[in-house]
There are 2 protein chains.
Amino acid sequence: MTADGPIAIIAGSGQLPIQLVKHLEETGQNYRVLAFRGFAAPELRRHAHATADLLDLKTIMGVLEGWRPRAVSLVGAVRRPGFSALLGAYSLLRNMQEVKEVIARGDDQVLRGAVMLLEERGHRVVGAHELAPGLVAPPTLTGKLDPQEDDRQAISVGLDLLHSLSAFDIGQAAIVAREHVLAVEGPEGTDGMLRRVKGLRQSWFGLRRRKEGGVLIKAAKRGQDLRVDMPTIGPRTVVEAAQAGLSGVAIGAGSTLVLDQEKSLATADRLGLFLVAVDLPWMEPHRD
Amino acid sequence: MTADGPIAIIAGSGQLPIQLVKHLEETGQNYRVLAFRGFAAPELRRHAHATADLLDLKTIMGVLEGWRPRAVSLVGAVRRPGFSALLGAYSLLRNMQEVKEVIARGDDQVLRGAVMLLEERGHRVVGAHELAPGLVAPPTLTGKLDPQEDDRQAISVGLDLLHSLSAFDIGQAAIVAREHVLAVEGPEGTDGMLRRVKGLRQSWFGLRRRKEGGVLIKAAKRGQDLRVDMPTIGPRTVVEAAQAGLSGVAIGAGSTLVLDQEKSLATADRLGLFLVAVDLPWMEPHRD
């Protein structure tokens, strides 16, 4: 780590790395992008200074050693590799038994393991929210529509549910209609879960597209390290929520990233959904 | 209710009503079947003494009044109808606001509402487990294979998870690999959840069919009324679990129904899966 080195962006798939790089570019910051082969979007690869396979830790560590970055950020999604592939990759670097235990704990722990590895080598790991605070949902975020009574009940049940699930290695989102939980997010991701609910409703109600109600609630877990896998939504999430017949989307204030806030809110308004940030009782109050 | 009346079986879809009727037939008991149109299997409809639409409570109550049954059992699956359809049906019988509140609480409460309605009219509601105790998984249930260390860890995490979810109106099953939760069952049901995990794994690992591990854990909730929606598995569940690449199935002893236990165990043995009953710390010990 050197105070005048670049910011190193280790980039997986999706829009987040793109928007983060755009922000760093616009604010004139010194950065380098290491793109994961097979994950990073084509338009990001144009900005990439290096590429590596997800599990090629030797190359990744070598590239970082050359850059001497002042901070490293892991952004964008990667699919969980198979257990034995992970084991092989990590075992190049660490005690076998310890690695096995870290991996066995699941996604959260694998990501924390990656942060641990980076920190052990002297890197400072930061979250996208620290590099681009403008991407974080402020407590005041809201579209033109407000949640109705049924929706407020669903949000309350959803937050209780996500809080109860904090101890488990499972998703950060759920879909709730009044008190009825329609889905808990697993490794299929938020979009996958929304399509599942859309499918359920089609098989129940035929192809009628009337709004059935229900709310997507997405929030960081109690105790979550926001430097990795921070909950993220964007305009596409809002479109998928509308297609699943939901009445709106609620996200944790101060701990959720919103890609293209203006477009996300405009999309919600246009499709007749509410989009609001809500305080999470289990998180530190948001500080600006 | 009359002591010498028949047992009334109100039958939805699936194998459970069929096996229950078979049991009542074999043990020479006096019974009547009311089949739900569009749900009950064709082979059950041959045994049906009456049919009704799911929401036609007037017909259902009228039929039961005629039969004067000594006990009523609600068995087999029905899809959750739309909110307004339920509201319409229940409001024929009860105070509108009260009905709205019961329905808003979700599946569990709708079923409890049905039990409540039947009991108010003087019917004794019993579970399939009371009519055919032989269908209940005994604590000794096990196939030829035993869960390995990873599986035992997954079972422990899965039981903790289901216990944490008891307070919420959501499924009775989850799929866990070591400490990593792959899925929580929602309204799509156990088979739907298993197919989802199968799909996830195919997209992660291509079409290779090697066993990835993971356990289906299915158990009654803390405080669950076993007279309705008792957790049920059967040979098909075991086949779907194998296709999802799981290493086995664990079910709550004394509070899970196993359709065709012999065939379920033989299927598990043949496909190389374990199938075991485990004690649920939050249930009363099983009494025979």
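On a predicted model such as this, the values are computed, not experimentally measured, just so you know.
Taking each heavy atom of A/P187 and B/V181 in turn, the nearest pair found is CD-O, 4.0 Å. When all heavy atoms of A/D169 and B/H180 are compared, the closest pair comes out as OD2-ND1, 2.7 Å.
Summarising the local packing, CG of B/D279 is surrounded by 12 or fewer heavy atoms from other residues, nucleotides or ligands at distances under 6.0 Å.
For the side-chain contact (heavy atoms from CB on, under 4.5 Å) with B/F168, the qualifying choice from A/V176, A/L165, A/L161 is A/L161, the only one to do so.
Distance check, rounded to the nearest 0.5 Å: CZ of B/R196 to CD of A/E188 gives 5.0 Å.
Applying the salt bridge (Lys or Arg N to Asp or Glu O under 4.0 Å) rule to pairs touching residues 156-166 of chain B yields nothing, sequence neighbours excluded.
No part of B/I175 comes within reach of chain A, as not one of its non-hydrogen atoms sits under 4.5 angstrom from that chain.
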